[in-house]
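Quick notes on the structure that follows.
Values below: all heavy atoms of this structure, side chains included; hydrogens, waters and symmetry mates excluded.
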Amino acid sequence: FPIELSPALAGGSDEFGTSLAAGHFMGASIERPALVVGAPGEDVYDHDSASWYYEAGAICQFRIDHAELAAPSLHASFDRCDDNPEPMDFARFGEAVAVGDFIPLDNNGSFSGEYADVEEIAVGAPGQDSGIVRAGVVTVLEPGWDGADLTHSPTPLSTLVQYHGDQTDAEFGAVLA
């Protein structure tokens, strides 16, 4: 089935579609099929510092409603785009994306409960500095939604954990699977 994805990103040099991952995210205890698409060339404006960061990167999420799964063609609805949570020039957040149960713990630190076996989003930023030039960072994010029907705004993405490269120019996070 062909799927056409249209992001709400401005500009033509964002490199939308560089990476793609599919998964299921929770919304009011209901799993929803979703796609995550990287746009590592997206320029990001940081309101805190009142600065633009070139190629800081972003990811976009699209949902697929259950009713659409049986349709002759698949339709994915745009939900949100999220900029690099720690913007810097040429970080390229979204160069690689993966969806999986990377952190199998709930909020109480156990392997059972409402949030056990919920898929998270891993996002590579191979140009991100973390005290070491271009060492790279992989950020694991927890997606969240307001309302079972997903017609409300999604809750902000929470950074669950970050993994950092440990060598200059390692570009850790350039590839995820």
Side-chain angles (χ1 to χ4, degrees), residues 5 7-26 33-63 76 78-107 109 111 115-145 154-177:
L5 303 175
L9 298 171
S13 61
D14 54 30
E15 299 175 49
F16 176 81
T18 296
S19 56
L20 172 74
H24 290 83
F25 300 143
M26 294 297 288
L35 300 173
V36 179
V37 181
E42 178 71 0
D43 297 337
V44 172
Y45 182 77
D46 181 42
H47 294 279
D48 293 336
S49 66
S51 300
W52 277 98
Y53 294 94
Y54 302 98
E55 293 188 27
I59 59 169
C60 296
Q61 295 178 54
F62 297 83
R63 72 172 184 271
F78 170 76
D79 273 312
R80 66 186 290 154
C81 284
D82 292 282
D83 294 334
N84 185 340
E86 297 178 1
M88 65 175 299
D89 288 333
F90 308 108
R92 301 191 54 79
F93 179 82
E95 181 80 28
V97 295
V99 174
D101 189 12
F102 303 116
I103 302 175
L105 301 176
D106 65 13
N107 291 338
F111 286 96
Y115 297 104
D117 299 321
V118 173
E119 292 184 328
E120 296 90 23
I121 304 169
V123 183
Q128 190 88 27
D129 293 350
S130 58
I132 303 172
V133 176
R134 295 184 54 83
V137 172
V138 172
T139 303
V140 178
L141 302 164
E142 177 185 27
W145 306 102
T155 57
L157 294 181
S158 299
T159 297
L160 298 174
V161 67
Q162 283 190 324
Y163 301 98
H164 301 269
D166 61 0
Q167 297 177 352
T168 300
D169 295 324
E171 296 188 355
F172 180 69
V175 177
L176 299 173

Just so I know, are the side chains of [X] and [Y] near enough to count as touching, which here means a heavy-atom distance under 4.5 Å?
| X | Y | answer |
| --- | --- | --- |
| L141 | V123 | yes |
| S51 | Y45 | no |
| W52 | P87 | no |
| E86 | T159 | no |
| D101 | E120 | yes |
| D46 | Y53 | yes |

I'd like to check the side-chain hydrogen bond (donor to acceptor under 3.5 Å, both in side chains) partners of S130; sequence neighbours left out, ordered by chain and number.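 In terms of side-chain hydrogen bond (donor to acceptor under 3.5 Å, both in side chains), with neighbours along the sequence ignored, S130 is linked to H164.
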Tell me every residue that passes side-chain hydrogen bond (donor to acceptor under 3.5 Å, both in side chains) with Q162, counting only those two or more places apart in sequence or in another chain.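 side-chain hydrogen bond (donor to acceptor under 3.5 Å, both in side chains) list for Q162, sorted by chain: T139.
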Can you see which heavy atom on [X] is nearest to which on [Y], and at what distance?
| X | Y | value |
| --- | --- | --- |
| G173 | P126 | O-CD, 4.0 Å |
| E15 | G41 | OE2-CA, 3.9 Å |
| A91 | Q128 | CB-OE1, 3.0 Å |
| P40 | G38 | CD-C, 3.6 Å |
| A98 | A21 | CA-CB, 3.9 Å |

V37 pairs by side-chain contact (heavy atoms from CB on, under 4.5 Å) with which of V97, T18, L20?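 Single pass found, and it is L20.
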Check side-chain contact (heavy atoms from CB on, under 4.5 Å) between A96 and all other residues, then give those that pass, not counting sequence neighbours.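 In terms of side-chain contact (heavy atoms from CB on, under 4.5 Å), with neighbours along the sequence ignored, A96 is linked to L176.
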Among all residues two or more places apart in sequence or in another chain, which pass the side-chain contact (heavy atoms from CB on, under 4.5 Å) test with F172?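 Here the qualifying residues are V138, Y163.
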Tell me the side-chain hydrogen bond (donor to acceptor under 3.5 Å, both in side chains) pairs involving residues 168-177, sequence neighbours left out?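 Only R134-E171 qualify under side-chain hydrogen bond (donor to acceptor under 3.5 Å, both in side chains).
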What do the steps show when you test Q167 against I132 for side chain to side chain contact (heavy atoms under 4.5 Å, CB included), and what is the final call? CA-CA 7 Å; Q167 297 177 352; I132 303 172; 5.7 Å; no
Do any pairs count as a salt bridge (Lys or Arg N to Asp or Glu O under 4.0 Å) and have a residue in residues 49-61, sequence neighbours left out, and if so which ones?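 Qualifying pairs, neighbours excluded: E55-R92.
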Side chains of E42 and N84: do they bring a donor and an acceptor to under 3.5 Å?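 On atom types as modelled, these side chains do not qualify, holding no pair under 3.5 Å.
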Rounded to the nearest 0.5 Å, how far does CG of D43 lie from CG of D83?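 The distance works out to 10.0 Å.
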Pairing residues for Y54 by the ring pair (Phe, Tyr, Trp, His ring centres under 6.0 Å) criterion, not counting sequence neighbours: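 Partners of Y54 under the ring pair (Phe, Tyr, Trp, His ring centres under 6.0 Å) test: none.
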